[in-house]
Amino acid sequence: MKKIIYYICATLTFMFVGCNDFGDTNINPETIDRESMDYTLMFTNVQQYCYGTEYEAWRNGLIYISAMIQHTASTQSHWNGDKYTYNAAYNSAYWERMYPNAIRDVVDILNNWEGKENHLTEYNMARVLKVLLMQRMTDLYGDVPYTEAGQAYNLTIHSPKYDTQEFIYNDLLKELNEVGTYLNQVSSSSIGSADIMYGGDITKWKKFTYSLMLRVAMRLSKVDPAKAETWVKTAVAGGLFESNDDNGIMEHPGAVTSNNSCEPFGKIYCHEDPGAYRMSESFVNLLKNTHDPRLIYLCSVVPDPSEKIGGGNWQMGDTTAIAQIGLPNGYDQTTEGSTNIENHPNYPGSMNKYSVVNRYTYARIDAPTFILTYAENQLLLAEAAYRGWISGSAETYYNSGVTAAMKQFQQFGITGISDSKINEYLAQNPYNENTALEQINTQYYINTFSDEYESFANWRRSGYPVLTPVDYIGNVTNGTIPRRFTYHTNEASINQENYLKAVANLSNGDRMNSRIWWDVE
């Protein structure tokens with residue numbers, strides 16, 4: 001974390017260095033210019049933004065997405081996603097945090113390292129980070145600044161054009177293909193511990209690159225299945241993750257609540273907003289109805305979940321399966337009518353009897369962040385095999401994906417789910433060719449809990465699991481689950497021409513129920 005803080009301080013100093021040439025008298029020995037900047041520190045900082053901060057994770061990821069797709073639920077009015085109400089600032093949080101920070105920085109890294117023989121490997125690794133960040137950005141909003149993004153300093157572009165999502169996706173795949181080809185030719189990197197995901201391990205970076213290509217390619221399954229098939233085959237040929245040991249994970253040892261060194265979602269679950277949410281009824285029932293052994297590792301019933309970690313009475317709660325109860329989405333605690341949760345026929349008598357996120361796993365400030373996983377790969381391959389795009393058995397990929405997803409709990413530093421429990425679950429919920437797409441993508445939805453950006457994207461792409469929307473008074477989507485976020489409010493004034501062109505490409509204008517390019521009906 002010291003490296004990240006050092007870089008932020010150095011950048012702020014660098015931004016205000018004077019431009020006049022007064023010789024040595026104008027040199028401040030305590031500032032860092034472009035030539036003396038250690039860009040490996042900036043690389044670390046970009047990786048930190050890849051797992052995010054509590055700012056955008058709280059607003060986009062949890063307050064909106066997790067409740068919209070019914071991983072969680074809330075009776076609180078500021079959890080807008082539970083009832084599809086509108087908050088402009090929360091809608092634009094990811095945009096507001098990433099463009100002037102992560103995307104600016106990764107573009108600066110690429111501009112500095114491009115063409116430098118001693119940094120070609122690190123340059124290509126940074127290209128992958130840009131793909132990861134920009135895929136999320138375009139998935140959340142649609143057409144966005146891409147080719148001109150982050151170029152205010154280098155090319156003085158202050159009103160960047162919006163590239164179409166189709167163009168962006170084509171370029172993301174091109175970038176990953178070029179990086180994969182390059183990484184096949186090298187065996188080492190000089191970045192070392194500045195790479196907080198893989199420590200510069202090129203073999204793992206190559207697998208990560210092609211595994212990310214698989215994710216990007218599968219996003220095109222509705223809008224351009226032929227192209228999706230082509231790129232899925234390219235990813236498979238390149239070499240994907242082979243086990244959970246290859247997972248793209250950011251660890252957070254020694255995390256504390258006073259800074260961004262911790263896992264952002266975990267910090268919100270246990271410290272920033274612990275009493276505002278509960279686990280969704282539909283999610284808990286999905287796990288219960290299929291006798292899913294993950295239930296007890298995802299949920300807990302806590303006597304007072306509003307008590308913050310470190311507050312003196314931190315309790316882990318009851319994690320037994322029978323105790324878990326999910327909160328229905330679309331309810332409040334303020335009205336007098338049918339939307340008041342206390343008037344629900346199954347109200348358990350207290351809000352504290354509803355489940356929250358398990359405090360041994362995801363609701364920890366030091367919980368690992370899963371960026372991209374072997375389980376995801378296997379489930380996407382199951383779908384690709386089902387569609388006839390690749391060889392192999394869809395059932396085998398499916399079973400492998402479910403097994404990996406359950407074994408993934410070991411990466412929280414706990415024993416996790418036994419082989420016998422996994423086999424029992426697969427026997428009770430066998431792969432069925434007639435419902436394959438629903439089964440596969442429902443498993444993806446469970447596995448990507450707490451990676452809400454990815455879970456939201458794959459739910460829109462696949463349509464699974466089938467969720468029952470709410471129609472709360474004052475919602476802005478006509479009672480349908482939102483499909484995107486609205487652009488940053490400043491764009492309509494400071495980048496109006498480009499903003500209006502992007503809005504014209506949306507099915508229903510700059511609204512939350514408009515569909516982006518790949519999200520065709």
So, [X] side chain and [Y] main chain: donor-acceptor pair closer than 3.5 Å or not?
| X | Y | answer |
| --- | --- | --- |
| Thr138 | Met134 | no |
| Gln378 | Ser400 | no |
| Thr53 | Tyr49 | no |
| Ser514 | Gly509 | yes |
| Asp224 | Leu220 | no |
| Asn244 | Ala404 | yes |
| Asn247 | Tyr374 | yes |
| Arg215 | Ser211 | no |
| Asn60 | Tyr94 | yes |
| Thr442 | Gln439 | no |

[X]: salt bridge (Lys or Arg N to Asp or Glu O under 4.0 Å) partners, not counting sequence neighbours:
| X | result |
| --- | --- |
| Glu148 | none |
| Glu491 | none |
| Lys161 | Asp163 |

Under the ring pair (Phe, Tyr, Trp, His ring centres under 6.0 Å) test, residues paired with Tyr362 that sit two or more places apart
Phe412, Phe449
Rounded to the nearest 0.5 Å, how far does [atom2] of [Y] lie from [atom1] of [X]?
| X | Y | atom1 | atom2 | result |
| --- | --- | --- | --- | --- |
| Leu133 | Met98 | CG | CE | 6.5 Å |
| Ile440 | Tyr386 | CD1 | OH | 8.0 Å |
| His488 | Tyr141 | NE2 | OH | 8.5 Å |
| Asp105 | Ile109 | CG | CD1 | 6.5 Å |
| Asn495 | Tyr487 | CG | OH | 11.0 Å |
| Thr44 | Asp195 | OG1 | CG | 8.0 Å |

Salt bridge or not between [X] and [Y]? Use side-chain N to carboxylate O under 4.0 Å.
| X | Y | value |
| --- | --- | --- |
| Arg387 | Glu229 | no |
| Arg219 | Glu454 | yes |
| Asp519 | Arg460 | no |
| Arg136 | Glu56 | no |

Chi angles and distances behind the side-chain contact (heavy atoms from CB on, under 4.5 Å) call for Ile196, Met250:
CA-CA 7 Å; Ile196 58 176; Met250 303 286 188; 3.8 Å; yes
Would you check, one step at a time, whether the test side chain to side chain donor-acceptor pair (under 3.5 Å) holds for Tyr444 with Ser455?
CA-CA 7 Å; Tyr444 199 92; Ser455 205; over 6 Å; no
Side chain to side chain, [X] and [Y], heavy atoms closer than 4.5 Å:
| X | Y | value |
| --- | --- | --- |
| Tyr445 | His71 | yes |
| Leu173 | Thr234 | no |
| Trp517 | Asn505 | no |
| Phe485 | Ile65 | yes |
| Gln411 | Thr361 | no |
| Tyr39 | Asp108 | yes |
| Arg97 | Asn101 | yes |
| Glu376 | Met218 | no |

Less than 6.0 angstrom separating the ring centers of Phe456 and Tyr64, yes or no?
no
His252 and Tyr51 aromatic centres sub-6.0 Å
yes
Distance-only check: which donor-acceptor pairs under 3.5 Å involve side-chain atoms of residues 122-131, not counting sequence neighbours?
| unit_1 | atom_1 | unit_2 | atom_2 | d |
| --- | --- | --- | --- | --- |
| Glu122 | OE2 | Ser189 | OG | 2.7 |
| Glu122 | OE2 | Ser190 | N | 2.9 |
| Glu122 | OE2 | Ser190 | OG | 3.2 |
| Asn124 | OD1 | Arg127 | NH1 | 3.0 |
| Asn124 | ND2 | Leu120 | O | 2.8 |
| Arg127 | NE | Glu175 | OE1 | 2.9 |
| Arg127 | NH2 | Glu175 | OE2 | 2.9 |
| Arg127 | NH2 | Glu178 | OE1 | 2.5 |

State, to 0.1 Å, how close [X] and [Y] come at their nearest heavy-atom pair, and which atoms those are.
| X | Y | answer |
| --- | --- | --- |
| Ala375 | Asn447 | CB-OD1, 3.7 Å |
| Tyr99 | Ala149 | CE2-CB, 3.7 Å |
| Trp459 | Pro465 | NE1-O, 3.1 Å |
| Arg59 | Ile63 | O-CB, 3.5 Å |
| Thr209 | Gly180 | CG2-N, 3.9 Å |
| Ala363 | Tyr269 | CB-CB, 3.7 Å |

Walk me through whether Lys227 and Tyr169 qualify under side-chain contact (heavy atoms from CB on, under 4.5 Å).
CA-CA 11 Å; Lys227 181 174 287 185; Tyr169 258 79; over 6 Å; no
Between [X] and [Y], do the side chains contain an N or O donor and an N or O acceptor separated by less than 3.5 Å?
| X | Y | value |
| --- | --- | --- |
| Tyr146 | Asp171 | yes |
| Glu383 | Tyr398 | no |
| Trp518 | Asp139 | yes |

Are more than 12 heavy atoms, taken from residues, nucleotides or ligands other than Gln185, located less than 6.0 Å from that residue's CD atom?
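Atom CD in Gln185 is crowded, with more than 12 foreign heavy atoms closer than 6.0 Å.
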Kindly write out the residues that satisfy side-chain hydrogen bond (donor to acceptor under 3.5 Å, both in side chains) with Asn508, not counting sequence neighbours, or none if the list is empty.
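Per chain and number, Asn508 pairs via side-chain hydrogen bond (donor to acceptor under 3.5 Å, both in side chains) with Asn513.
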Does the pair Glu96 and Tyr55 meet the rule for a side-chain contact (heavy atoms from CB on, under 4.5 Å), with working shown?
CA-CA 10 Å; Glu96 181 180 346; Tyr55 182 80; 3.2 Å; yes
Please report the C-alpha distance between Arg461 and Asn441 in whole Å, then the side-chain angles of each, then the deciding distance to 0.1 Å, and finally whether the side chain to side chain donor-acceptor pair (under 3.5 Å) criterion is met.
CA-CA 10 Å; Arg461 179 191 72 84; Asn441 288 289; 3.1 Å; yes
